[in-house]
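Worksheet: one structure, shown below.
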Amino acid sequence: MKYNNRSKAVLLLKDGTIFHGKSIGIEGVTFGEVAFNTGTTGYQEIFTDPSYFGQIMVTTNAHIGNYGVNDKEVESDSVKISGLVCKNFSFNYSRVDATESLFDYLSKQNLIVISDVDTRALVSYIRDNGAMNAVICTDGTPIEELKERLAQVPDMNGLELASKVSTKEPYFFGEESAKYKISALDLGIKTNILRNLAKRDCYIKVFPYNASFEDLKAFNPDGYFLSNGPGDPEPLETAQEVARQILNENKPLFGICLGHQIIGLANGISTYKMFNGHRGINHPVKNVITGKGEITSQNHGFAIVREELDKHPHFELTHEHLNDGTVAGMRMKSKNCFSVQYHPEASPGPHDSSYLFDQFIENIQTAAN
């Protein structure tokens, strides 16, 4: 085994707190909101998830990189996190179907990584003090200069990021001969969502984040989908108007995460920035309609205001997060519309939440009859 002599690196939080570690060999400086994910596996899916755009990811699992990477296990065309913080970074890997090491994969995309950090202390600090902007430095830039530059980084609250990760041009996914046609608004869509729809005999046309309802309607779809994505949902006024127009025609509508929040905002239900957010693959959710529990994958820093949802005459709560009682799902009473604040396509249960895609297809079938 080759010994790597690695240089010192620092993680500086906006409040001035510093955590020390080592560079894995990719030199530079990167900024973002620091957040942690509690998943024990799936680091490649996390790193390529567009919903994490603009975030420095702290992995609570002690070992990252030990099973390498596989080209088929990506959620987008590139790494989307701003930087990575971990305890032990494995340069060596062992898995039969791995295509390369995580180091080689991240090096190609110049992702700044700090390892050998006391991640338990860091996560505890974030839990007590909330998510905040931070900077990783692996090139020796002086702390005072880092503080000045970090002070200029915009806060995630009010920040529109969907435009940074959405497709620039419409594209198709699935078989053209499929039974159902879906118009999907790409706010940062994950590839596995498209796979799950295509598996259910859907042909999907994916539109940019700022597409109009007329654009989506021109595909003559059987149903509409609003995707997940990064940033604050409030600035996405065009997407909210699209949701309102879909609902005015009472077409089947399904939203996940950011799309879920857009549906709420389109109907006068507010969202708020969470103290820490939910990020991991072990979040317990209760389906209050069936009474069943689900183990879910979650990745969001904003949420629907539950008090406003409970008072809304046209909505009802369908899913509740069992750790803190936040809204994990809702549906409209008089419209063909439902949404969830977690990722059924990630399959951590592994199949606890896959019924949601079936429910969407059932809604399309009902609307057609």
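- No more than 12 heavy atoms of other residues, nucleotides or ligands lie within 6.0 Å of CZ in Arg120, so this atom counts as exposed by the packing criterion.
- Connection of Leu161 to Phe302 is established within a shared hydrophobic cluster, with ILVMFWY side chains joined at heavy-atom distances below 4.5 Å, either directly or through further cluster members.
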In sequence, state the C-alpha distance, the side-chain angles, and the governing distance for Glu144 and Lys147, and then conclude on salt bridge (charged side-chain N to carboxylate O under 4.0 Å, His left out). CA-CA 5 Å; Glu144 290 306 314; Lys147 288 181 178 179; 3.7 Å; yes

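- Between the CG atom in Asn66 and the OG atom in Ser90 there is a gap of 4.5 Å [rounded to 0.5 Å].
- In this pair, Tyr224 and Phe213 present their aromatic rings tilted. The plane angle is within the 30 to 60° band.
- The aromatic rings of Phe338 and Phe254 sit parallel to each other, their planes meeting at less than 30°, with 60° as the upper class boundary.
- Taking the charged nitrogens against the carboxylate oxygens, Lys217 and Glu214 have no contact shorter than 4.0 Å, which rules out a salt bridge.
- For Glu237, the CD atom sits in a loose shell: 12 or fewer heavy atoms of surrounding residues, nucleotides or ligands are nearer than 6.0 Å.
- To the nearest 0.5 angstrom, Glu75 atom CD is 9.5 Å from Leu194 atom CG.
- For the side chain to side chain donor-acceptor pair (under 3.5 Å) criterion with Arg331, the lone passing option out of Glu316, Gln359, His319 is Glu316.
- Atom CD of Glu175 has 12 or fewer neighbouring heavy atoms from other residues, nucleotides or ligands inside a 6.0 Å radius.
- No side-chain heavy atom of Met330 sits less than 4.5 Å from a side-chain heavy atom of Leu317.
- Residue pairs meeting the side-chain hydrogen bond (donor to acceptor under 3.5 Å, both in side chains) criterion with at least one partner in residues 159-174, sequence neighbours excluded, are Glu160-Ser163.
- Between the Thr99 side chain and the Val69 main chain, a donor and an acceptor come within less than 3.5 Å of each other.
- Aromatic ring pairs are classed by plane angle as parallel below 30°, tilted from 30° to 60° and perpendicular above 60°; the pair Phe207 and Phe219 is perpendicular.
- Gln55 CD to Asp49 CG: the interatomic distance, rounded to the nearest 0.5 Å, is 9.5 Å.
- With contacts defined as side-chain heavy-atom distances shorter than 4.5 Å, the pair His343/Asn192 does not qualify.
- Interatomic distance, Ile281 CD1 to Thr41 OG1, rounded to the nearest 0.5 Å: 4.0 Å.
- Using a 4.5 Å cut-off between side-chain heavy atoms of Ile, Leu, Val, Met, Phe, Trp and Tyr, with links allowed through other members, Phe47 and Phe91 fall into the same hydrophobic cluster.
- Using a cut-off of 4.0 Å between Lys/Arg side-chain N and Asp/Glu carboxylate O, Asp116 and Arg6 are scored as salt-bridged.
- In this structure, the side chain of Thr30 engages the main chain of Ser82 through a donor-acceptor pair within 3.5 Å.
- Residues Tyr203 and Phe172 bring their aromatic ring centres within 6.0 Å.
- The backbone N or O of Ile193 sits nowhere less than 3.5 Å from a side-chain atom of Asn196 that would complete a donor-acceptor pair.
- Salt-bridge formation is detected for the pair Arg306/Glu320: a Lys NZ or Arg NE/NH1/NH2 atom is positioned less than 4.0 Å from an Asp or Glu carboxylate oxygen.
- Looking only at side-chain heavy atoms (C-beta outward), Glu45 and Lys190 stay at 4.5 Å or farther from each other.
- Interatomic distance, NZ of Lys108 versus CZ of Phe103, reported as 11.5 Å (0.5 Å rounding).
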